[in-house]
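All remarks here apply to the structure that follows.
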Amino acid sequence: MLISLRISLRNLIRKKYRTLFTLLAMVIGIASMFAVISTVETAKKMTEDRLKLYLGNADYSILSTNGTFSEVYLDKIFHTEGVDHALGLMHRRSQVELKEERSKLQSRLRITGLSSLDSNMLHFNVLKGNLNEEGIIIPKETAELWKVNIGDTVMIHFPSGKKNIKIIAIVQNTPLLEGPNDWQEADNKIWRAAASLSLVQKWYMEEHRIDEVRIKYDQNFQASHITNEIEKELLEKDLYLQKVILDEKQTNQLDDLYFMLYAVGGLAMLISAFILYNTLYVNVMERRNEIAIMKTIGYTTQQIKQLFLSEVLILSVLGIVIGIPIGSILSKFLQQSLFSSFQENLTFQMQYAYTLPTVVTLGILIPLIAALLPLKFASKVDIISNLKNTPKESKSNPKWRLAIGLVLLVGAFLPNGIGIICIFIAIFFLAPYITQLLLNILTHLKLLGYEGKVAVNNSKRTLNRSASMSLILAFVICLGLLVSSIFSSIEKNIDKDLSKSFGGNIQLSFEAPLSDIKMESIKKAINGYGEFNLYPEKIVGWERNNEPRQFTIISADTNWYKKYPLFYKDEQSNSSILNQLEKENNIVLGEYAFREWGGKIGENITVFDNNKKYQFKVIGKVTTTQHSGYTAFVSKKIFDQNFKVIKPTKGLINVRDPEEEQQFKNSLVDKFSNEISDIQSIKEEAKKQQDTLSGIKPLFNILIIIAILVAGIGILNSLVISILDRLREIGVMRAVAFTNYQIHKMIIIEGVIIGIIGVFIGIVLGLVTSYLNAQTISDSQIDFVLPIDTLIMSVFSGIFISILAAFMPAYKATKIKLIDSLKQE
Amino acid sequence: MINVRNLKKSYQISDDRYQVLNDINLDVSKGEFVSIMGPSGSGKSTLLNILGGLDTPDSGEVLINNINIDSLNDKKKTLFRRENIGFIFQNYQLLHNMTVEENISMPMHADKINKNIIEKQVKDIIDAVGLKGKEKNFPSQLSGGQQQRVSIARALIMNPVLILADEPTGNLDRKTGTEVLKLLSNLHRNNHLTILMVTHDIYAASYSDRIILLKDGHVEMDVKHEKEGENVDLITNILEKLNS
Ligand SMILES: Nc1ncnc2c1ncn2[C@@H]1O[C@H](COP(=O)(O)OP(=O)(O)OP(=O)(O)O)[C@@H](O)[C@H]1O
Ligand SMILES: [Mg+2]
């Protein structure tokens, strides 16, 4: 093995350009695979961690249907057997006055009172200051924007009047205290601060009241036992215990995004594997004589295979060693743009625990698979024919290849994703035939002169190689078109989709369930401007494969929904769904919830509210922006029948005069700055979605550009190889008549041919798959949009990259020493 | 036609410089058919390649039709070669994926000559070298002699003034070799072509009207003879002397 390793190394060094480009391709392949996997891993881990942090590592929480309850329960529960920790919370709203004058909207502050500031359920990472003093705690980012330091004071509005409050500590950002990252963001996002519970109670004149108790169970006790014990304590009727379920789907629905990331990363790896295959194939072909001689002097097939295998291993190990560090840089970059597209400035810890072994395994496995065929060639080398140097005949593709391809093409009419997969495989089988066809057309067009004709001939001679290269470019272009078609469709439909399911033109959320008195005053304020609807929501648990999940059930006032629905199906279904909803125990699921649930319409879904079980019959799947579709709707009647009477926490308003909308919104915020936690007009929501989308787009552009680059390296590699195959021929052409420029032109045309064919197949494939994709998810907001700009971009970048890729080989070809090349055979 | 003055060419082999051509002086007039002979490794091919502009000399001057080919840039050199020089190689150097016609017409296409002219010219030359009926064949479907005819046709297609042939009969048996030699000699006579032919074969050399002997990097001997087949004995003697 050692000796074959040494020989392999020498072979690789001897062909240094080829080795370099193969290695480059592998590095990019491995780096992008690594980047994509670790990005997804990190994003997943982080969203889960954030959720945990936000929920304070709690197992259960106690809430009241009335909003607040007496502090004595905190003490009682804390002393219940089996309770490890209990934390009392109270969230209150106010306005903050800073030295700089800011609008009311930008001055909203939410103060959370905590019964303990250093509980291990909610750990603050203190950067500066002392938690035991009297005042508020804010995160570093907020302190910077407020231009304050510990010891400084800010003016805060309380029901008891304005007070100067001291900043006692500055802590590292945590989900509980996460505020805006810049002033512009403060228009939609509220500032957050924490203080000790007793202080908040005093400021708000709500002594001994709390909103919530979060509980952590002792691992040594049985959970059901503790739950029983606690429920005994909750004698007061309006209190209820709610299990805290970590369901990241509630806040994070990036699955589609992850899938697209994987697709691009996988494609890059696939291309580099193909490049490796090409290189090895040529290495074997070139050394046929050498192999034949080795066989004559007694080398076994096994030993010869070993020789090439060590080349693969050397390349893979180098690829991994160089690719992984580059991948980790790339993934940090991807991560940053991924999170910044959600307008969140987060510190994150990259996750490599799973990525590293996966990438190393794949980084060795994929090249080995790519090497299988060339290795087979190497061991099959026939001694006699090679020593005699009889010219090889190029084999034409077997008939069955065409047959399989055509049969699969028919499969495009199959429903769902199967059609798309069929097309991809079909194109793989048909690529040489399509290439041949296009080459024939190019021959007849006679656009490129004599050099073009020779180039077309050369491409025909290496049909399978040219076809594979075009195919790779085609896949990249197809992916680019598909992604951009999806994006532009979403973008185009944002306004339309929103207006179909916004439930009016303003959405409101309240800090706490509204008391009857508060509701009255809100009604008064809205009256005259338009209609409104206040409604409650309920977080419930459900199960999927025994894994606890949770989503929010919305109480739907069907009369309001007839005018201003909060969900959308289509004109006809909407009214029939609303009629059905009035009936016994019917429920409709948001699209995402439906997908997660995995059942069929007409089946029952079981939801849990603590220990109670409810059966609902799923009568429809609808599109809604509420909780990003991870939600369900039942009629108001059924909601009230099933769940403890919960006061509204949400509101929908339809302002009659759109001119008045903004002014009305401002006045509402003014009046109820302490109650309203979130207010959003349809225009603002549209803008937010637009911004998120334009944040994600560059991420994909980067990935597609990387994929195009790798495809470029593939074309380069392919051309270099076909030139090496034809050194003597090029020498002859140079000797008898052709200028360097003409040879140059010929090779660049060969590159352009690969480009044109790749672009052509890619565009057809991209349009067909975008169309089928839109058909497949017809009920969602994705429909078929022709992304003209991406289309033009693909044509240019596809051809540009192939011209670019052809320059190096063309240059190399013109630098061939004439006499040397003539000596070659 | 050809004037070679103080031509020197050496190769670096590891630490030693190996002087292949050492001060060659040579004049060939238009219409001469010259054979270049000499032992293996004496620099025959090197000389021919330098004359054709495929290789460059270290020093000295090579004039073809009073043009110093070495002073031309790459493009001009190629154009000069295309218009003035035809090459014939021992191993034919045909392109395997092109038919007989396509191989022959290649230089004309490079010159962007009108299609109809190319067609006619190719037809004529195929007749002239006796390959009628083989137009659509690929080189692999031809015998060695036929392949060499294709190569000769390709060398002639641009109506060059000078043919450089490196062992054109080296791979052929006596009979086919003779046919090729007769073809060359006819072309020489009828078209007033200047031919420089490297050969090991005295019989082949006897078709030429001048024989130059290279040895140790210089011209050892330069003899003219008028009639075909004459002087064979004389040259044989000289060669034997040289090799001993
Ligand atoms: N590229 C090169 N590098 C180094 N040495 C070379 C090179 N090309 C030729 N030589 C040397 O120059 C000498 C002359 O070579 P050349 O091919 O001109 O000989 P020749 O007379 O044509 O021989 P033959 O009759 O065998 O064809 C040889 O000794 C050869 O080894
Ligand atoms: Mg020679």
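Numbered from 1 within each chain, the chains take letters A, B, ... in sequence-line order. Nothing here was measured: the structure is a model prediction, and the numbers come from that model.
Both the backbone and the side chain of B:Asp55 come within less than 4.5 Å of a heavy atom in chain A. Both the backbone and the side chain of B:Glu102 have a heavy atom closer than 4.5 Å to some heavy atom of chain A. For a residue to count as touching a neighbouring chain, one of its non-hydrogen atoms must lie under 4.5 Å from one of that chain's; by this rule A:Lys453 touches chain B with the side chain only. Using a 4.5 Å cut-off between heavy atoms, B:Lys77 makes no contact with chain A at all. Proximity to chain B is absent for every atom of A:Arg726, based on heavy atoms less than 4.5 angstrom apart. With a 4.5 angstrom heavy-atom cutoff, B:Met98 touches chain A only via side-chain atoms. With a 4.5 angstrom heavy-atom cutoff, B:Leu94 touches chain A only via backbone atoms. In this structure, chain B has heavy atoms under 4.5 Å from both the backbone and the side chain of A:Phe738. Both the backbone and the side chain of A:Glu729 come within contact range of chain B, with heavy atoms under 4.5 Å apart.
Partner B:Asp74 forms a side chain to side chain contact (heavy atoms under 4.5 Å, CB included) with one of A:Thr814, A:Thr739, A:Asn740 and no other, that one being A:Asn740.
Ranked by heavy-atom pairs shorter than 4.5 Å toward chain B, the options A:Gln742, A:Glu451, A:Met733 are led by A:Gln742. Considering only heavy-atom pairs separated by less than 4.5 Å from chain A, the leading option among B:Arg81, B:Lys76, B:Met108, B:Lys75 is B:Arg81. Of all the listed residues (B:Ile157, B:Thr78, B:Thr46, B:Leu54), the one sharing the greatest number of non-hydrogen pairs under 4.5 Å with chain A is B:Thr78.
Residue-environment remark: CZ (A:Phe760) stays at or below the threshold of 12 foreign heavy atoms within 6.0 Å. Atom CZ of B:Phe80 sits in a crowded spot, with more than 12 heavy atoms from other residues, nucleotides or ligands closer than 6.0 Å. No more than 12 heavy atoms of other residues, nucleotides or ligands lie within 6.0 Å of NZ in A:Lys16, so this atom counts as exposed by the packing criterion.
B:Arg82 places no side-chain N or O within 3.5 Å of a backbone atom of A:Ala735 that could act as its donor or acceptor partner.
Here the closest non-hydrogen pair linking A:Arg728 and B:Gln93 is NH1-OE1, 2.7 Å.
Taken to the nearest 0.5 Å, the CG atom of B:Asp111 stands 12.0 Å off from the OH atom of A:Tyr450.
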